[in-house]
Novice: 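The structure is given below, and queries will be raised subsequently.
Here the structure is a predicted model, which means the values were calculated and not measured. First the proteins, then the strands, lettered A, B, ... as listed; each starts at 1.
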Amino acid sequence: MRAVIIGTFPDCPRMEPVYNPQVIERDIQAQWDRTGAARARETQDGADGRPKFYCLCMFPYPSGKLHMGHVRNYTIGDVMSRFHRMRGFNVLQPMGWDAFGLPAENAAMANKVPPAKWTYDNIAYMKKQLKSLGFAIDWERELATCKPDYYRWNQWLFLRMLEKGLVYRKSGVVNWDPIDQTVLANEQVIDGRGWRTGAIIEKREIPMYYMRITAFSEELLAALDTLPGWPERVKTMQANWIGKSHGVNIGFPYELDGANKVLRVFTTRADTLMGVTFCAVAPEHPLAAHAARTDAKLAAFVDECKRGSVMEADLAQMDKKGMPTGLYVTHPVSGEKLEVWVGNYVLMTYGEGAVMGVPAHDERDFAFALKYGLPIKPVIDVAGKPYSTQAWQDWYAEHGVCVNSGKYDGLDFERSVDAIAADLKAKDLGDKQVTWRLRDWGISRQRYWGTPIPIIHCETCGDVPVPDEQLPVVLPEDCVPDGSGNPLNKRQDFLACACPKCGKPARRETDTMDTFVDSSWYYIRYACPDQSAAMVDARVKYWLPVDQYIGGIEHAILHLLYSRFWTKVMNKLGLVEFEEPFAKLLTQGMVLNEIFYRKAGEGRITYYNPADVDFVTDESGKRSGAVLRADGLPVATDGIGTMSKSKNNGVDPQQLIEQYGADTARLFMMFASPPEQTLEWSDAGVEGSYRFLRRLWAFAHQAHAPVSAESARRKGAVDGYEFPADFAAAWPRQAALRREVHAVLKQASFDIQRNQFNTVASAAMKLLNALSGSLESSDEAAGSAATPAPALHQAVLHEGLGILLRVLYPITPHVCHALWSELGYAGDLLHAPWPEVDEAALRQDEIELVLQINGKLRGRMTVPSTATREHIERLAVTQEAVLRHSEGRAVKKVIVVPGKLVNVVV
RNA sequence: GCCGGAAUGGCGGAACUGGUAGACGCGCCGGACUCAAAAUCCGGUUCCAGCAAUGGAGUGAGGGUUCGAUUCCCCCUUCCGGCACCA
C-alpha cells in the first residue's frame with residue numbers, strides 16, 4: 001500500500017504525458033534558428049560586462065556523413081559552450097569544413113564525380129546532421145577550406161613566408177608507384193606495395209617546398225611551459241617530437257679521390273668515442289652512393305633499401321641490415337682506421353645521416369656488430385657491473401666512468417664529454433652541438449584537391465612567386481582524378497600563364513599544399529570569415545586565442561604543432577598579437593565498438609556489424625557467445641576497436657537520432673565515459689539514456705501541478721527560497737531531500753568545471769531519483785511524521801527540479817528547455833544561470849564516521865558535527881567494535897580524519 | 001622499434017588533494033501490475049564461507065613506502081594513440 005505524502009496531484013491537462021523527442025527537438029531547433037540563439041557578437045572590450053569564451057571543436061573532414069567521433073567531439077564542445085554561457089560568458093562556437101584532402105580524390109576515382117561536387121554535397125548533408133543534434137553553433141561564420149576566399153590566404157601567407165626565408169625548396173622523399181606513375185600517400189602503400197597496382201613502391205626524390213618550422217624549435221619547445229591548460233601528456237609528446245638533444249658533432253676524416261674530406265656524425269654519447277669500431281651511413285648518404293658506383297653488390301643493397309614505404313614506423317621495425325662500403329675513415333682521437341658501413345637503420349633525416357658505431361654501449365649497434373662480426377669494445381664501466389659481449393644487458397647503455405679510453409679513463413659522463421669535445425675542437429674535428437629531431441615541414445603534394453602553390457615556373461626567370469594582386473590562384477573545380485597523377489598537369493587553362501617578371505609564357509606550379517596548412521589557422525579565420533580585403537581584422541583581437549580547443553587525441557602532435565608554428569609566424573609578421581593559439585586543450589578519446597567476424601574458406605574474413613549480432617548469455621547475465629541475427633549461427637569476436645569502415649563496426653548517428661532523438665544521443669555520449677577516455681559503444685546504454693529522459697518527462701508531468709503552482713506563486717524565480725528556522729527539525733524529510741539536492745549540485749558543479757561530464761549526467765539521475773522518491777513515500781513514514789506542509793514540499797520540489805533542469809541542460813538542451821517553460825520557470829533556459837549551492841542546506845547536526853581498526857573497516861559511529869578531535873578519539877576507543885577487534889591489545893594511536901573516519905591502531 | 005596513455009564487479013564507469021572501493025547506468029535475479037506479454041514500478045545484485053550476525057579476499061601481475069594505497073614509488077604484462085603524404 002502506498003500513500004502520497006502531499007496529496008495526489010492531478011495530471012497536467014496541457015502537457016503531453018509521453019516524451020516525444022522528435023517533436024520537441026524540431027520545434028526548439030526552429031525557435032533557436034529564428035531567434036539566432038547561437039549567434040556570437042563581438043562586444044567592445046566586454047562592454048556588456050561579459051568576458052568572451054571561444055570554444056572550438058576541431059572541424060570535420062566532410063567524408064559523407066557524421067560518425068560517432070564527431071557526435072562525441074561536438075557534444076563535448078556544446079556542453080562546454082552552454083555551460084559557459086550559463087556562467088555569464090559571451091560564447092563563440094563556430095563550425096567549418098576541412099574540405100581538401102585525399103578521400104575526395106578516391107571518391108572521384110570510384111564514382112567519376114569531381115571532388116568539388118562530392119565535397120559540397122557531403123558538407124550540405126553533414127550540416128543538416130549537425131543542426132539536428134542541436135549544437136549551439138554560429139553558422140554565420142561557417143567556412144570551407146576548399147573555397148578560394150579561404151585558401152587565397154594560405155597562398156598569401158606562403159608568399160610572405162617565402163619573402164622571409166621561412167619557405168624554401170629542396171628535395172624530399174616520396175612513395176612512387178612505378179605502374180601508375182604517381183606519388184602515393186603512406187596510407188596508399190600496403191606492405192610496401194601500391195594499393196591499386198600492387199606494384200612494389202620505390203622511394204623517389206623530388207623537389208618540394210618546405211616551411212622552416214625548425215627555425216622555431218626552441219620557441220615551440222619553451223612555450224609548452226606557458227600552456228597550463230594543456231594535458232601534460234600532449235606537452236610531453238610534443239617536447240619529445242621536437243626532440244632537443246645535447247651532444248657532440250664529431251668529424252671522421254677520410255680521403256676520397258685525393259681530396260681530404262670529413263664524415264660528420266652527431267652523438268649524445270661522446271663519452272663512448274673510444275669504443276667506436278665502425279661508422280654507418282644512411283642508404284641515401286652521398287658516401288653510400290659514391291661507393292655503390294663501383295660496387296654492384298652494394299648498389300643492389302642500396303637499391304633494396306630504397307624499396308618499400310617511407311614511413312618511419314616501417315623503417316624502425318625492419319631487420320637491421322648493413323653492408324660495408326669498402327671505404328675507411330680515421331678515428332679523430334686514436335687515428336685508427338674504421339670501416340664505413342651502409343645501415344638500413346640509419347635515418348638520413350636525423351642529424352647528418354651518419355652514426356658512429358659503438359656496439360658496446362648502444363643496443364642497435366650491438367645487434368649490428370653481432371650480426372656482422374664487428375668488434376665490440378667496452379669503454380664505460382657502470383658501477384662495476386659485469387660486461388659480456390655475448391648478450392646485451394640494459395645497463396650497458398647507462399652512464400658510467402670511462403675505461404680503456406686512454407687519457408679519458410676515470411672521467412664520468414659530463415667530464416669526458418667536455419674533454420673529448422674540447423680535444424676535437426682543438427683539431428677542428430667537432431664541437432658540442434644541439435640537435436633537434438624536428439624536421440622542416442614539407443608542404444608540397446603532387447595532388448589535385450588542395451590549395452595551389454602560388455608559384456610560376458619561367459624558363460628565363462626560374463621560380464617566380466605569383467604577385468599578390470593575382471591571388472587567389474584558383475583551383476578548377478571540374479577535374480576528375482583517375483589515379484595516374486595530378487590532373488592539373490593536363491589542364492592547359494590552369495597551366496598556361498605569363499611570367500610575372502618577364503611576361504613570357506610560363507607554366508604554373510601544379511603541386512598543392514598539405515591539408516595541414518588549411519587546418520593550421522582556420523580557427524583564426526572564424527573571427528572574420530567575411531573579410532575579403534585581408535587575412536585577419538580587428539575581430540580577431542577580440543576572439544582569439546581560442547579559450548578551449550577540443551579534438552581527438554590522434555592530433556596531439558602534428559596538427560597542434562603546425563598550428564602553433566603557424567601562429568608564431570603570423571605573430572612575427574605582425575598579423576596577430578597572441579603567440580599560442582589554444583589556451584586550453586581537451587583531447588577526447590576515440591569511440592570504440594565490438595568487432596565480429598567469420599572466416600570463410602581461404603582465409604577471407606567477413607566482418608559483421610554489431611547491430612546485426614545478438615548475444616548469448618548464461619543465467620548470471622555473463623556473455624557466453626554471439627550469433628548473427630540473420631542465420632542464428634555463431635560469429636567470432638575480435639575484441640573492441642575504433643569504429644571503422646574496414647572492421648564494419650560503425651554505428652550511424654543518423655539512425656540513433658531518428659530513433660531516440662538528439663538528446664538521447666548526446667546524453668549517452670556524455671554518460672558512457674569521461675571525455676578524455678575511449679568510449680565503448682553500447683546499444684543497452686543508449687536505451688538506458690532514453691529511459692532516463694522518459695522518466696524525467698513522466699516525473700515532470702506528475703509534478704506539474706505543485707511545481708507550476710509554485711512557479712506562479714514566485715513568478716518563476718529560481719532563487720530566494722525561504723525556509724522556516726525550525727525547518728530541519730520540524731520537516732526532516734524535506735530537509736534531507738533539500739540537503740541531498742544541494743550535495744549533488746555541489747558535486748555536479750565541481751565535475752562540470754573539470755569536464756567530467758559522465759558524473760554530471762549521473763548527478764542529474766540522482767536528482768531525479770531523489771525528487772521522484774519524495775512524491776511518494778510509505779504509509780509508515782507518513783504516519784509517524786507530522787503531516788508535512790504542502791507549501792514547503794512544493795518549494796523544495798520546485799527548487800530541486802529547477803536545479804535538475806539546469807544541471808542537465810548543457811547535455812540535453814531540448815528536453816530541459818521544453819520542461820523549463822512547461823513548468824513555468826522564468827525566462828528562456830538559454831539565458832538561465834547555473835544554480836548556486838546553498839551551504840545552509842548542507843548543514844547537519846550529526847555526522848556518521850567510519851570506524852577502522854588498523855585500517856580495516858569495523859563499524860560506524862555517530863557524533864555531533866561539532867565534536868572535537870579529542871572527543872571523537874575518546875568516544876572511538878570505547879566503541880564495542882573497537883573492544884571486540886583489539887582483543888585486549890593496547891591502543892597505540894588514534895587517527896581522526898575530520899568528517900570522514902577514525903582509525904584506531906592497536 | 002621509438003614516444004605517449006590506459007587497465008577497477010557479468011558490462012560502461014565512480015571514488016576531487018592517500019582516508020567507507022564499486023556512486024550512477026546497463027545486465028541479471030525476485031516481486032507488483034497483466035488473461036498473457038511488452039512497457040512501467042518496487043526490491044536485490046563484487047567474490048568466497050555462513051540461515052544470519054559476521055568473517056575472509058579483492059582495483060591487470062609482482063614488490064615497496066604508509067596507521068591507511070584504485071590513488072605515491074619500482075618492475076613486468078596486455079591493450080590503445082602517434083611516428084612527419086589519412087584527417
Side-chain angles (χ1 to χ4, degrees), chain A residues 2 58 60-61 63 98 101-103 172 174-175 183-189 231-234 236-237 239-241 243 310-318 320 345 349 363-364 438-439 441-442 444-447 514-516 519 552-559 561-562 587 589-590 592 617-623 639-642 668 671-674 676-689 691-692 694-695 698 747 750-751 754 756 758-759 761-766 769 848-857 860 892-895 897 900-901 903-906:
Chain A
R2 292 174 196 291
M58 289 182 185
Y61 178 79
S63 56
D98 190 10
L102 201 54
V174 294
N175 300 303
V183 175
L184 296 184
N186 283 339
E187 71 159 10
Q188 295 173 319
V189 179
E232 217 46 55
R233 59 168 162 158
V234 174
T236 309
M237 279 192 261
N240 289 338
W241 184 263
V310 300
M311 288 171 72
E312 193 186 308
D314 290 343
L315 297 176
Q317 280 172 84
M318 284 188 313
K320 311 280 173 284
Y345 66 97
T349 47
E363 191 169 359
R364 278 177 312 179
L438 184 65
R439 309 201 293 261
W441 175 15
S444 295
R445 297 291 179 270
Q446 297 68 44
R447 270 188 276 285
D514 180 5
T515 56
F516 275 125
S519 56
I553 181 67
E554 65 274 21
H555 296 290
I557 296 174
L558 292 180
H559 161 60
L561 194 62
Y562 291 145
T587 48
M590 319 211 41
L592 313 178
T617 53
D618 63 20
E619 59 287 348
S620 68
K622 194 174 168 180
R623 217 167 83 193
I640 52 168
T642 53
F668 171 70
F671 182 60
S673 66
E676 309 236 51
Q677 284 180 32
T678 55
L679 182 149
E680 288 179 34
W681 187 256
S682 156
D683 287 326
V686 175
E687 286 281 352
S689 297
R691 194 153 38 215
F692 167 72
R694 280 204 318 254
R695 278 210 303 134
Q747 186 65 46
F750 178 73
D751 287 344
R754 60 173 178 148
Q756 189 171 282
N758 55 330
T759 49
S762 82
M765 293 173 183
K766 282 183 200 173
N769 289 346
E848 191 180 57
L849 295 182
V850 159
L851 202 50
Q852 292 184 337
I853 288 103
N854 290 341
K856 273 190 196 296
L857 176 71
R860 286 157 213 281
K892 284 188 198 147
K893 194 157 54 156
V894 182
I895 292 150
V897 181
K900 293 239 167 100
L901 63 75
N903 186 17
V904 180
V905 184
V906 295

Novice: In whole Å, measure the gap between the C1' atoms of B/C48 and B/C42 for me.
Specialist: 29 Å

Novice: Side chain of A/Ser673: nearest nucleotide among B/C16, B/G13, B/C24?
Specialist: B/G13

Novice: If you compare every side-chain N and O of A/Asn758 against the phosphate oxygens of B/A14 (OP1, OP2), does one of them come in below 4.0 Å?
Specialist: yes

Novice: Can you check the A/Met765 CE to B/G12 P distance for me, whole Å?
Specialist: 17 Å

Novice: Starting at atom CG of A/Leu851, determine the distance to atom P of B/U54, rounded to an integer number of angstrom.
Specialist: 14 Å

Novice: Could you give the distance separating B/A69 and B/A57 at their P atoms, to the nearest angstrom?
Specialist: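 My reading of the P atoms in B/A57 and B/A69 gives 12 Å.
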
Novice: B/A15 phosphate, OP1 or OP2: any side-chain N/O from A/Lys900 under 4.0 angstrom?
Specialist: no

Novice: Taking the side chain of A/Glu554 as heavy atoms from C-beta outward, which of B/G1, B/A87, B/C24 is closest to it?
Specialist: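 The nucleotide sitting nearest to the side chain is B/A87.
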
Novice: Verify the distance criterion only: is there a donor paired with an acceptor across the side chains of A/Thr759 and A/Asp751 at less than 3.5 Å?
Specialist: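 The answer is yes; a qualifying pair exists.
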
Novice: On the side chain of A/Glu312, is there an atom forming a donor-acceptor pair with the base of B/C2 - under 3.5 Å, no angle test?
Specialist: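 Between B/C2 and A/Glu312, which were checked side chain against base, a qualifying N/O pair under 3.5 Å is absent.
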
Novice: On RNA chain B, compare the nucleotides closest to A/Thr236 and A/Arg695; which residue's is nearer the 5' end?
Specialist: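 The residue mapped nearer the 5' terminus is A/Thr236.
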
Novice: When you check the phosphate oxygens OP1 and OP2 of B/U40, does a side-chain N or O of A/Arg694 lie under 4.0 Å from one of them?
Specialist: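 For A/Arg694, the contact criterion (side-chain N or O under 4.0 Å from OP1 or OP2 of B/U40) is met.
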
Novice: Please report the distance separating the P of B/G60 from the corresponding atom of B/G55, rounded so that it comes out in whole Å.
Specialist: 26 Å

Novice: Looking at A/Arg233, does any N or O in its side chain come under 4.0 Å of the phosphate oxygens OP1/OP2 on B/G5?
Specialist: no

Novice: Search all heavy atoms of A/Ser682 against all heavy atoms of A/Gly685 and return the closest pair with its distance.
Specialist: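 Reported closest heavy-atom pair: OG-N, 2.8 Å.
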
Novice: Would you mind telling me which of B/C67, B/G5, B/C85 lies closest to the side-chain atoms of A/Asp514?
Specialist: B/C85

Novice: Looking only at side-chain atoms of A/Thr642, point me to the closest of B/C85, B/A84, B/G81.
Specialist: B/G81

Novice: Just one of A/His555, A/Arg233, A/Glu554 clears the side chain to side chain contact (heavy atoms under 4.5 Å, CB included) bar with A/Thr587, so which one?
Specialist: A/Arg233

Novice: Counting only side-chain heavy atoms from C-beta out, which of B/C24, B/G4, B/C41 sits nearest to A/Ser762?
Specialist: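 Among B/C24, B/G4, B/C41, the one nearest the side chain of A/Ser762 is B/C24.
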
Novice: Provide, to the nearest angstrom, the distance between the NZ atom belonging to A/Lys856 and the C1' atom belonging to B/C67.
Specialist: 13 Å

Novice: Using whole Å, report how far CD of A/Gln446 lies from P of B/C85.
Specialist: 11 Å

Novice: Quickly work out the A/Glu680 CD to B/C79 C1' distance and round it to whole Å.
Specialist: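 These atoms are roughly 11 Å apart.
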
Novice: Please give the distance between the C1' atoms of B/G27 and B/C33 as a whole number of Å.
Specialist: 23 Å

Novice: Report the distance from atom CG of A/Leu315 to atom P of B/C85, rounded to the nearest whole Å.
Specialist: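 Between P of B/C85 and CG of A/Leu315: 13 Å.
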
Novice: When all nucleic acid strands are considered with a 4.0 Å heavy-atom cut-off, which category describes A/Val174: base, sugar-phosphate, or nothing?
Specialist: base

Novice: Mind checking the OG1-CG spacing from A/Thr642 to A/Leu679? Nearest 0.5 Å is all I need.
Specialist: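 Rounded to the nearest 0.5 Å, the OG1-CG separation comes to 13.0 Å.
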
Novice: Please classify the nucleic acid contact of A/His559 as base, sugar-phosphate, or nothing, using heavy-atom distances under 4.0 Å.
Specialist: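 Nothing, no heavy atom under 4.0 Å.
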
Novice: Closest to the A/Ile557 side chain: B/G82, B/A57, B/G19?
Specialist: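 Among B/G82, B/A57, B/G19, the one nearest the side chain of A/Ile557 is B/G82.
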
Novice: Can you see which heavy atom on A/Leu102 is nearest to which on A/Ala185, and at what distance?
Specialist: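 Looks like CD2-CB, 3.7 Å.
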
Novice: Nearest heavy-atom pair of A/Val183 and A/Gln446: which atoms, and what distance?
Specialist: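 Shortest heavy-atom contact: CG1-OE1, 3.5 Å.
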
Novice: Categorize A/Ser682 for me: base, sugar-phosphate, or nothing, with a 4.0 angstrom heavy-atom threshold over every strand shown.
Specialist: nothing

Novice: Say we look at B/C76 and B/G63: how far apart would their P atoms be, to the nearest angstrom?
Specialist: 16 Å

Novice: Compare side-chain N and O positions of A/Thr515 against OP1 and OP2 of B/A87 and report whether any pair is under 4.0 Å apart.
Specialist: yes

Novice: Report yes if a donor N or O on one partner sits less than 3.5 Å from an acceptor N or O on the other, where the partners are the side chain of A/Asn903 and the base of B/C67; otherwise report no.
Specialist: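 Yes, the side chain and the base share a sub-3.5 Å donor-acceptor pair.
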
Novice: Taking only the C1' atom of each, what is the distance from B/G25 to B/A6 in whole angstrom?
Specialist: 22 Å

Novice: May I ask you to verify whether the side chain of A/Arg860 and the base of B/U20 hold a donor-acceptor pair under 3.5 Å?
Specialist: yes

Novice: So which one's nearest nucleotide on RNA chain B is more toward 5', A/Arg439 or A/Glu848?
Specialist: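 Comparing both residues, the 5'-ward one is A/Glu848.
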
Novice: Taking only side-chain N and O atoms of A/Gln677, does any of them lie within less than 4.0 angstrom of OP1 or OP2 on B/U8?
Specialist: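 For A/Gln677, the contact criterion (side-chain N or O under 4.0 Å from OP1 or OP2 of B/U8) is not met.
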
Novice: Taking B/U77 as the reference, what is the distance to B/A15 when you measure between their C1' atoms (whole Å, please)?
Specialist: 26 Å

Novice: Does A/Asn769 make a side-chain N or O approach to OP1 or OP2 of B/G25 shorter than 4.0 Å?
Specialist: yes

Novice: Provide the distance between the two P atoms, one in B/A23 and one in B/G9, to the nearest whole Å.
Specialist: 13 Å

Novice: Any side-chain heavy atom of A/Arg860 sitting closer than 4.5 Å to one from A/Leu851?
Specialist: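 No. Closest side-chain heavy atoms not under 4.5 Å.
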
Novice: Look at the side chain of A/Gln852 against the base of B/C67 and say whether a donor-acceptor pair falls under 3.5 Å; ignore hydrogens and angles.
Specialist: no

Novice: With a cut-off of less than 4.0 Å, is there a side-chain N or O of A/Gln756 near OP1 or OP2 of B/A15?
Specialist: yes

Novice: Taking the minimum atom-to-atom distance to the side chain of A/Tyr562, which one of B/G81, B/A87, B/A84 wins?
Specialist: B/A84

Novice: Starting from C1' on B/G55, measure out to CG on A/Leu857 and report it in whole angstrom.
Specialist: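 Going from A/Leu857 (CG) to B/G55 (C1'), I get 13 Å.
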
Novice: Hey, can you tell me if A/Tyr562 and A/Trp441 have their rings parallel, tilted or perpendicular (30° and 60° cut-offs)?
Specialist: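 Ring orientation of A/Tyr562 relative to A/Trp441: parallel.
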
Novice: Scan every strand shown for a Watson-Crick or G-U wobble partner of B/A53, both distances under 3.5 Å, and answer none if you come up empty.
Specialist: none

Novice: Between B/C24, B/C86, B/C83, which nucleotide has the shortest distance from any of its atoms to the side chain of A/Trp241?
Specialist: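 For the A/Trp241 side chain, the nearest candidate turns out to be B/C83.
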
Novice: Quick one: is A/Arg691 getting a side-chain N or O under 4.0 Å of the B/G27 phosphate, OP1 or OP2?
Specialist: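 For B/G27, OP1/OP2 do have a side-chain N/O of A/Arg691 under 4.0 Å.
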
Novice: Crowded around A/Arg364 CZ? As in, over 12 foreign heavy atoms under 6.0 Å?
Specialist: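 At most 12 heavy atoms, drawn from other residues, nucleotides or ligands, come within 6.0 Å of this atom.
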
Novice: Report the glycosidic orientation of B/G9: syn if within 90° of 0, anti in every other case.
Specialist: syn

Novice: Nearest to the side chain of A/Ala672, heavy atoms from C-beta on, is which of B/A87, B/U20, B/G12?
Specialist: B/G12

Novice: Which nucleotide in the list B/A21, B/C3, B/A87 gets nearest to the side chain of A/Leu558?
Specialist: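 Minimum distance to the A/Leu558 side chain belongs to B/A87.
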
Novice: To the nearest Å, how far apart are A/Glu187 CD and B/A84 P?
Specialist: 13 Å

